[in-house]
Amino acid sequence: MPELPEVETLKLGLQKYLVGHKILDIDILHPKIFYGDKADILSAKVTDIKRVGKGLIIELDNGFCLAIHIKLTGQLIYRDLKTSKFAVSKEKVGTIPNKFTHLIFQLDSGAKLYYNDQRRFGWIKVVKSNEVMNLPFFKDMGPEPSVAKALEGRPILTLEKFRDLLSKSKTIVKPLIMDQKKIGGIGNIYANDALFLARIDPRRKANSLSSSEIKKIYGAIHTVLQKGLDSGGASELTFVNVLGQDGGYQKHTLIYGKRGKVCPNCGKEIKFVRIGGRGTYYCENCQK
DNA sequence: GACAATGTTACAGT
DNA sequence: CACTGTAACATTGT
């Protein structure tokens with residue numbers, strides 16, 4: 001997914017194009033994706049879009065909201081008279097709607113919001129606005145790196161909190177920073193790149209890291225997330241922005257995905273191992 | 001065919 | 001309770 005920079009990219013796009021629109025109807029082509037009663041939101045108007053970690057919230061003006069998680073392969077694509085003229089990513093979207101389109105939100109003035117999802121892991125839930133943070137995925141979400149604005153009131157990942165978290169955990173550092181209950185928003189691409197940038201071996205135990213190493217990782221996390229955001233996200237699998245266009249970070253990863261290639265820092269071969277079930281790339285020479 | 005893929009959760013085991 | 005590993009969800013690409 002869509003990790004924090006990708007979801008933030010979507011959020012900004014939805015804010016620009018969706019706010020002010022009324023939801024007239026929802027075509028549910030695949031029921032597994034949609035939870036709740038669509039009658040609760042018909043003719044409601046979108047007032048704002050929020051982000052909680054890798055989750056999205058579409059706020060409505062009738063006391064309800066839509067909580068969204070696009071998991072690995074979800075897409076939210078907005079089309080109206082104007083944006084229909086923009087070309088969508090030929091490779092990641094093709095035509096719209098397509099065989100992976102599972103929900104179509106019919107908006108006023110003929111605008112539409114499409115939810116596509118190749119693997120159908122994602123979900124969209126109708127929830128009362130004042131209960132949305134009770135959803136397990138949102139309730140347990142850890143503090144947010146401060147590169148992008150999250151929902152008001154969400155805790156921020158300060159260096160002190162980060163230091164406290166790492167120094168008290170016996171877990172391996174890479175799965176720890178990817179644990180959404182510990183930190184909201186970091187996934188496999190940015191975890192790999194942040195640890196490479198900080199020159200830390202992803203297999204290190206968190207509580208073995210020195211104070212200055214922790215500070216380096218903290219800085220590196222913010223640097224790579226910001227870079228991801230500046231590139232409009234990473235379109236490694238199927239991610240596209242709200243206009244259906246590719247992001248650029250996948251072309252600029254530091255080490256993620258470079259299996260069999262050489263380290264950009266020292267030229268030695270990049271190692272690939274599995275840590276916590278996830279593909280992990282690192283340079284034995286540079287990351288200690 | 002085998003294996004891997006930006007995520008999350010449930011469960012079994014240590 | 002803390003932590004690790006595995007499978008599951010479904011599909012595509014190498």
Side-chain angles (χ1 to χ4, degrees), chain A residues 1-10 29-33 35 51-56 67-76 89 91-94 98-102 115-125 135-142 165-166 168-195 202-208 221 224-225 227-229 231-241 246-260 272-281:
Chain A
M1 139 173 95
E3 306 181 35
L4 187 149
E6 289 75 39
V7 179
E8 181 69 16
T9 298
L10 269 183
L29 283 52
H30 196 97
K32 177 181 174 271
I33 309 283
Y35 297 80
R51 183 186 55 78
V52 177
K54 302 174 191 173
L56 280 171
I68 303 176
H69 199 309
I70 67 172
K71 295 287 182 82
L72 277 84
T73 54
Q75 302 174 327
L76 282 164
S89 169
E91 208 191 348
K92 319 272 186 205
V93 184
N98 59 40
K99 65 171 175 170
F100 300 119
T101 301
H102 306 309
Y115 181 75
N116 300 345
D117 196 335
Q118 189 177 95
R119 285 179 233 181
R120 304 205 293 258
F121 289 174
W123 43 255
I124 296 186
K125 301 177 180 184
L135 291 174
F137 175 76
F138 289 132
K139 190 176 63 189
D140 301 328
M141 182 79 61
L165 176 67
L166 268 61
K168 283 181 181 157
S169 174
K170 293 174 209 154
T171 308
I172 297 162
V173 62
K174 181 167 175 270
L176 180 72
I177 62 173
M178 290 172 66
D179 183 344
Q180 302 304 298
K181 294 181 172 64
K182 304 285 165 50
I183 300 171
I186 302 171
N188 203 24
I189 293 184
Y190 297 100
N192 273 291
D193 275 7
L195 290 170
R203 299 167 297 176
R204 289 275 298 276
K205 301 263 188 206
N207 64 4
S208 79
I221 285 173
V224 297
L225 291 177
K227 219 173 122 191
L229 195 51
S231 320
S235 291
E236 192 65 17
L237 288 181
T238 62
F239 175 77
V240 289
N241 67 20
D246 292 322
Y249 188 78
Q250 72 284 0
K251 288 183 251 162
H252 305 117
T253 58
L254 304 173
I255 200 158
Y256 174 83
K258 300 195 171 179
R259 193 175 182 169
F272 178 83
V273 291
R274 205 158 275 284
I275 298 176
R278 309 306 302 278
T280 302
Y281 307 82

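Numbered from 1 within each chain, the chains take letters A, B, ... in sequence-line order.
For the atom pair CG (A:N116) and OG1 (A:T101), the distance works out to 3.5 Å, reported to the nearest 0.5 Å. In this structure, A:I221 CD1 and A:I186 CD1 are separated by 4.0 Å, a value rounded to the nearest 0.5 Å.
Spacing between atom OH of A:Y190 and atom P of B:dA5 amounts to 17 Å, rounded to whole angstrom units. Protein atom CZ of A:R274 is 11 Å distant from nucleotide atom P of B:dC3, rounded to whole Å. Between A:W123 atom CH2 and B:dT8 atom C1' the separation is 10 Å, expressed in whole Å. In this structure, CD1 of A:I275 is placed 12 Å from P of B:dA5, rounded to the nearest angstrom. One can place CZ of A:R278 at 13 Å from P of B:dT9, the figure rounded to the nearest angstrom. Atom CG of A:D117 and atom C1' of B:dA5 are 14 Å apart (whole Å). Rounded to an integer number of Å, the gap from CD1 of A:I68 to P of B:dG7 is 18 Å.
Among the heavy atoms of the strands lying under 4.0 Å from A:K99 are primed sugar atoms or P, OP1, OP2 only; no base atom is included. Across all strands shown, A:F272 has heavy atoms under 4.0 Å from sugar-phosphate atoms exclusively, and none from any base. Here A:G279 lies in heavy-atom contact (under 4.0 Å) with sugar-phosphate atoms only.
Nucleotides B:dC3 and C:dT6, compared at atom C1', are 16 Å apart to the nearest Å.
Among residues two or more places apart in sequence or in another chain, the salt bridge (charged side-chain N to carboxylate O under 4.0 Å, His left out) test is passed with A:R259 by none. Not counting sequence neighbours, the partners of A:Y249 by the ring pair (Phe, Tyr, Trp, His ring centres under 6.0 Å) test are A:Y190. Residues satisfying the salt bridge (charged side-chain N to carboxylate O under 4.0 Å, His left out) test with A:K99, not counting sequence neighbours, are none. A:Y35 is linked by a ring pair (Phe, Tyr, Trp, His ring centres under 6.0 Å) to nothing, counting only residues two or more places apart in sequence or in another chain. A:H30 is linked by a ring pair (Phe, Tyr, Trp, His ring centres under 6.0 Å) to A:H102, counting only residues two or more places apart in sequence or in another chain. For A:F137, the ring pair (Phe, Tyr, Trp, His ring centres under 6.0 Å) partners two or more places apart in sequence, or in a different chain, are A:H69.
Counting only residues at least two apart or on different chains, no salt bridge (Lys or Arg N to Asp or Glu O under 4.0 Å) pair has a member in residues 246-258 of chain A. Applying the salt bridge (Lys or Arg N to Asp or Glu O under 4.0 Å) test to every pair with at least one member in residues 184-194 of chain A, sequence neighbours left out, gives no pairs at all. Screening residues 168-178 of chain A for salt bridge (Lys or Arg N to Asp or Glu O under 4.0 Å), with sequence neighbours left out, gives A:D164-A:K168.
Contact annotation: A:H69 side-chain N/O to B:dT8 OP1/OP2 distance is under 4.0 Å. OP1 or OP2 of B:dT8 lies within a sub-4.0 Å distance of a side-chain N or O belonging to A:K54.
Side chain of A:F137, nearest nucleotide from B:dT8, B:dA4, B:dG7: B:dT8.
Residues from residues 179-188 of chain A that place a heavy atom under 4.0 Å from any atom of DNA chain B, listed by number: A:Q180, A:K181, A:G187, A:N188.
Residues A:V224 and A:A194 come closest through the heavy atom pair CG2-CB, 3.9 Å.
Take the nearest nucleotide of DNA chain C for A:K170 and for A:G277: the residue whose nucleotide is more 5' is A:K170.
For DNA chain C, the span of nucleotides reached by chain A at under 4.0 Å from its heavy atoms goes, 5' to 3', from C:dC3 to C:dT12.
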- prompt: Pairing of DNA chain C as dot-bracket, 5' to 3': ( ) intra-strand, [ ] crossing, | other strand, . unpaired, with Watson-Crick or G-U pairs under 3.5 Å?
  reply: .||||||||.||||

